[in-house]
Amino acid sequence: MLADSQAFSGFAVDDLAAARRFYGDTLGVDVAEEMPGLLTLRLGGGTNVIVYEKPDHTPATFTILNFPVEDIDRSVEELARRGVRFERYEGFEQDEKGIARPARQDQGPPIAWFKDPAGNILAILEGASDA
């Protein structure tokens with residue numbers, strides 16, 4: 001029944017103006033406000049993600065959005081210059097930049113996690129563009 005539906009994802013934040021600045025200015029994502037109180041993140045490949053304000057928002061405890069990148073070291077360095085702070089998690093060996101580099105390829109790509117102003121967890125992953 002829904003196999004041909006052009007589904008989209010969405011998530012909540014507690015401050016829409018802060019989200020617009022972070023996603024647009026800091027991350028460089030194309031952000032549109034097509035309706036009051038609702039942002040659309042226009043991502044690569046024609047993907048749209050909806051961001052809405054929820055005053056009693058509780059941040060997700062899992063990664064809500066993954067950004068595939070060609071060069072994770074360069075991307076982490078650039079985001080850090082833009083004020084992004086990378087998270088560290090127990091159970092993952094992370095280098096001084098905050099990048100987890102699995103010992104084997106079957107354990108996943110190199111990855112680094114960070115949070116948006118609402119505390120939602122985001123990640124950049126190297127070489128995962130076909131995921």
Side-chain angles (χ1 to χ4, degrees):
M1 178 174 112
L2 299 178
D4 294 325
S5 176
Q6 292 185 345
F8 59 90
S9 183
F11 61 88
V13 297
D14 57 359
D15 183 337
L16 212 56
R20 175 188 277 282
R21 286 189 302 276
F22 179 76
Y23 286 96
D25 298 340
T26 304
L27 300 187
V29 171
D30 181 9
V31 179
E33 187 169 358
E34 296 167 357
M35 288 194 255
L38 194 68
L39 299 178
T40 300
L41 305 181
R42 296 179 179 158
L43 306 171
T47 301
N48 289 333
V49 175
I50 303 302
V51 179
Y52 56 95
E53 191 168 61
K54 187 173 185 271
D56 62 344
H57 167 69
T58 300
T61 58
F62 52 88
T63 306
I64 63 162
L65 198 54
N66 293 287
F67 293 93
V69 296
E70 288 184 26
D71 184 334
I72 196 165
D73 289 284
R74 189 181 62 190
S75 297
V76 164
E77 290 165 7
E78 177 60 28
L79 288 172
R81 276 194 292 276
R82 294 176 181 210
V84 172
R85 187 178 66 87
F86 288 87
E87 300 295 313
R88 298 195 177 270
Y89 294 108
E90 283 189 40
F92 291 92
E93 288 189 34
Q94 292 170 266
D95 65 17
E96 67 282 348
K97 296 178 186 177
I99 302 170
R101 299 177 194 273
R104 297 188 330 256
Q105 189 174 4
D106 66 343
Q107 294 174 323
I111 184 170
W113 297 273
F114 58 101
K115 293 182 179 178
D116 72 4
N120 295 312
I121 302 168
L122 312 171
I124 55 174
L125 308 97
E126 184 174 88
S129 61
D130 295 330

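- Here CD1 of Ile111 is found 6.0 Å from CG of Asn66. Values are rounded to the nearest 0.5 Å.
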Which side-chain N or O atoms in residues 38-55 pair as donor and acceptor under 3.5 Å with protein atoms at least two apart or in another chain?
{"residue": "Arg42", "atom": "NH2", "partner": "Glu34", "partner atom": "OE2", "Å": "2.5"}
{"residue": "Glu53", "atom": "OE2", "partner": "Leu16", "partner atom": "N", "Å": "3.0"}
{"residue": "Lys54", "atom": "NZ", "partner": "Asp56", "partner atom": "OD1", "Å": "3.2"}

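- Of all the heavy atoms in Pro102 and Gly108, the pair that sits closest is CG-O, 3.2 Å.
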message: As a quick check of understanding, evaluate side-chain contact (heavy atoms from CB on, under 4.5 Å) for Phe62 and Ile121, giving each step before the final call.
response: CA-CA 6 Å; Phe62 52 88; Ile121 302 168; 5.8 Å; no
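- Contact record, Asp73 with Arg101: OD1-NH2, 2.5 Å, taken as the closest heavy-atom pair.
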query: side-chain contact (heavy atoms from CB on, under 4.5 Å) between Arg85 and Glu87: does it pass, once the steps are laid out?
result: CA-CA 7 Å; Arg85 187 178 66 87; Glu87 300 295 313; 3.2 Å; yes
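- Across every non-hydrogen atom of Ala60 and Asn120, the tightest pair is N-OD1, 3.2 Å.
- The CG atom of Asp30 lies 14.5 Å from the OH atom of Tyr23; values are rounded to the nearest 0.5 Å.
- Taking CG of Leu79 as the start and CG of Leu27 as the end, the distance is 6.0 Å to the nearest 0.5 Å.
- Counting non-hydrogen atoms of neighbouring residues, nucleotides and ligands closer than 6.0 angstrom, the OH atom of Tyr89 exceeds 12 such neighbours.
- Aromatic ring orientation, Phe114 versus Phe86: perpendicular (interplanar angle above 60°, classes split at 30° and 60°).
- Using a 4.0 Å cut-off between charged side-chain N and carboxylate O, Asp15 and Arg21 make no salt bridge.
- Side-chain contact check for Val29 versus Phe67: some heavy-atom pair is nearer than 4.5 Å.
- Of all the heavy atoms in Pro59 and Gly119, the pair that sits closest is CB-O, 3.3 Å.
- With salt bridges taken as basic N to acidic carboxylate O contacts below 4.0 Å, none links Arg74 and Glu77.
- Annotation for Arg88 and Gln94: closest pair CA-OE1, 3.2 Å, computed over non-hydrogen atoms.
- Taking CG from Asp14 and OG1 from Thr58, the interatomic distance works out to 9.5 Å, rounded to the nearest 0.5 Å.
- The line from CD1 of Ile64 to NZ of Lys115 is 11.5 Å long, rounded to the nearest 0.5 Å.
- Put simply, the side chain of Glu126 gets close to the backbone of Ile72: a donor and an acceptor are under 3.5 Å apart.
- Note: Phe11 CZ to Leu122 CG = 6.5 Å, rounded to the nearest 0.5 Å.
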